[in-house]
Amino acid sequence: MTDTTTPTLELRGISKSFGSVEALADVDFEVRHGEVMALVGDNGAGKSTLIKCIAGIHAFDEGEIYFEGRPVHISGPKDAAKLGIEVVYQDLALCDNLDVVQNMYLGREAHDPFQRLNEPVMEQKTAETLKSLRVTTIRSVRQAVATLSGGQRQSVAVARAVMWNSKLVILDEPTAALGVAQTEQVLTLVKRLAEQGLAVVLISHNLHDIFEVGDRITVLRLGRNVGLYERTKTTQQEVVQAITAGAPTKVSGISATQGAPT
């Protein structure tokens, strides 16, 4: 049985600087199994730096990382992938000239004993993954990604992230360039990830999206954690206040819900 009390990912006292620029300062952060943790903040708040450090692109200068209760060291993207951390960046990293199956297996192709591409296995696994997420709008797994809508492309990127025994999926502005219908499609997909027991970090500037699917909300401001909120016990106005004017003081006791000082 999955332990829902121990965070899937927990960061303690994380700091990161680029020369004289302090991008993160003494940040605590966590996300649990089956939870959508929203990560919000204005431009320059440190959101991108935080997720790139979690993904192994940058190394933290200070702090501790725990994954499923165990201290870990993430020195590169391969370390993050081995733990089960997958990131869907805003650009999706999809190849328009390839079909859905080829994008799902890009760099991780399945081969038969003669080192030939095992197309039937890849097609079946792709179809099963999309079905498990109840993605029904894609006509064929052999459809070129260039022919897909924005919502469909986002679905392929998310499905690729969860196909590799993922435990934590980080979504960077997944609805930023989508229309109303496509946004609803992606938000439904986010809910399904949590329903399947994955830990989900959702980064977004759209508070309507955050309040529709988020369970808890972490607010970064000027590289510091200035608020941790339960979505059902706060308001958009309170979160906006934390984003724009919350005093940048450390949020301690990350497991307890805490509002930003006003």
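In what follows, residues are counted from 1 in the order of the sequence shown.
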Under a 3.5 Å distance rule, please check whether [X] uses its side chain to pair with a backbone N or O of [Y] as donor and acceptor.
X	Y	result
His58	Gly56	no
Ser166	Leu168	no
Arg153	Leu148	no
Thr6	Glu68	no
Asp172	Pro174	no
Glu64	Gly13	no
Gln102	Asp99	yes
Asn103	Cys95	yes

Mind checking whether [X] and [Y] have side chains closer than 4.5 Å, heavy atoms only?
X	Y	result
Val100	Glu123	no
Arg160	Leu94	yes
Leu11	Tyr66	no
Glu62	Lys16	no
Met163	Met104	yes
Tyr105	Lys125	yes
Leu98	Leu106	yes
Ile170	Ile54	yes

For [X], which of [options] qualifies under side chain to side chain contact (heavy atoms under 4.5 Å, CB included)?
X	options	result
Val201	Val31, Ile85, Leu171, Val36	Val31
Val40	Leu220, Val240, Ile210	Ile210
Val162	Leu189, Leu198, Val88	Leu198

Would you please name every residue forming a side-chain contact (heavy atoms from CB on, under 4.5 Å) with Ala23, sequence neighbours left out?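 Here the qualifying residues are Phe18, Thr49.
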Using the side-chain contact (heavy atoms from CB on, under 4.5 Å) criterion, which residues pair with Gln124? Sequence neighbours excluded.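 Expected list: Glu128.
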Between Gln185 and Ser155, is there a side-chain donor-acceptor contact under 3.5 Å, judged purely by atom types and distance?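 There is such a pair (donor and acceptor under 3.5 Å, judged by atom type) between the side chains of Ser155 and Gln185.
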Assess, by modelled atom type and distance only, whether the side chains of Asp61 and Ser15 contain a donor and an acceptor separated by less than 3.5 Å.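 There is no such pair (donor and acceptor under 3.5 Å, judged by atom type) between the side chains of Asp61 and Ser15.
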Could you tell me the separation between the [atom1] atom of [X] and the [atom2] atom of [Y], rounded to the nearest 0.5 Å?
X	Y	atom1	atom2	value
Asp28	Ile14	CG	CD1	8.5 Å
Glu230	Thr234	CD	OG1	10.0 Å
Leu207	Arg231	CG	CZ	13.0 Å
His73	Phe60	NE2	CZ	11.0 Å
Thr175	His208	OG1	NE2	10.5 Å
Thr137	Gln152	OG1	CD	4.0 Å

Is it true that Arg134 and Glu195 make a salt bridge, defined as a side-chain N closer than 4.0 Å to a carboxylate O?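 Yes.
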Are Arg12 and Glu10 close enough for a salt bridge, meaning some N to O gap below 4.0 Å?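 Yes, this pair counts.
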Looking at every non-hydrogen atom in both residues, tell me the closest pair between [X] and [Y] and how far apart they are.
X	Y	result
Arg221	Ala242	CD-O, 3.6 Å
Asn118	Asp112	CB-N, 4.1 Å
Gly34	Asp215	O-OD2, 4.1 Å
Gly223	Val27	O-CG2, 3.2 Å
Ala80	Ala55	CB-O, 3.6 Å
Lys47	Gly41	NZ-O, 2.8 Å

Other residues, nucleotides and ligands only: do more than 12 of their heavy atoms fall within 6.0 Å of CD on Gln115?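 Yes, enclosed.
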Take atom CG in Asp91; do more than 12 heavy atoms of anything else shown fall under 6.0 Å from it?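 Above 12, so yes.
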Would Glu212 and Lys191 count as a side-chain contact (heavy atoms from CB on, under 4.5 Å) here? Give the steps. CA-CA 9 Å; Glu212 183 170 340; Lys191 293 177 186 177; 3.9 Å; yes
Could you list the residues that satisfy side chain to side chain donor-acceptor pair (under 3.5 Å) with Glu119, not counting sequence neighbours?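 Side chain to side chain donor-acceptor pair (under 3.5 Å) list for Glu119, sorted by chain: Arg142.
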Between His205 and Asn43, does the side-chain contact (heavy atoms from CB on, under 4.5 Å) criterion hold? Intermediate values first, please. CA-CA 9 Å; His205 284 91; Asn43 293 333; 3.3 Å; yes
For the residue pair Arg216 and Tyr229, would you count it as a cation-pi contact if the rule is NZ or CZ under 6.0 angstrom from the ring centre and within 45 degrees of the ring axis?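 Not satisfied by the 6.0 Å and 45° rule.
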Checking Val87 against Ile57 for the side-chain contact (heavy atoms from CB on, under 4.5 Å) test, could you report, in this order, the C-alpha distance in whole Å, the side-chain angles of both residues, the deciding distance, and whether it holds? CA-CA 11 Å; Val87 183; Ile57 296 173; over 6 Å; no
Transitively linked via ILVMFWY side-chain contacts under 4.5 Å: Trp164 with Val121?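 No; Val121 is not reachable from Trp164 via cluster members.
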Run the side-chain contact (heavy atoms from CB on, under 4.5 Å) test on Phe29 and Met37 for me, step by step, so that the C-alpha distance in whole Å, both residues' side-chain angles and the decisive distance to 0.1 Å come before the verdict. CA-CA 10 Å; Phe29 178 77; Met37 171 64 84; 3.7 Å; yes
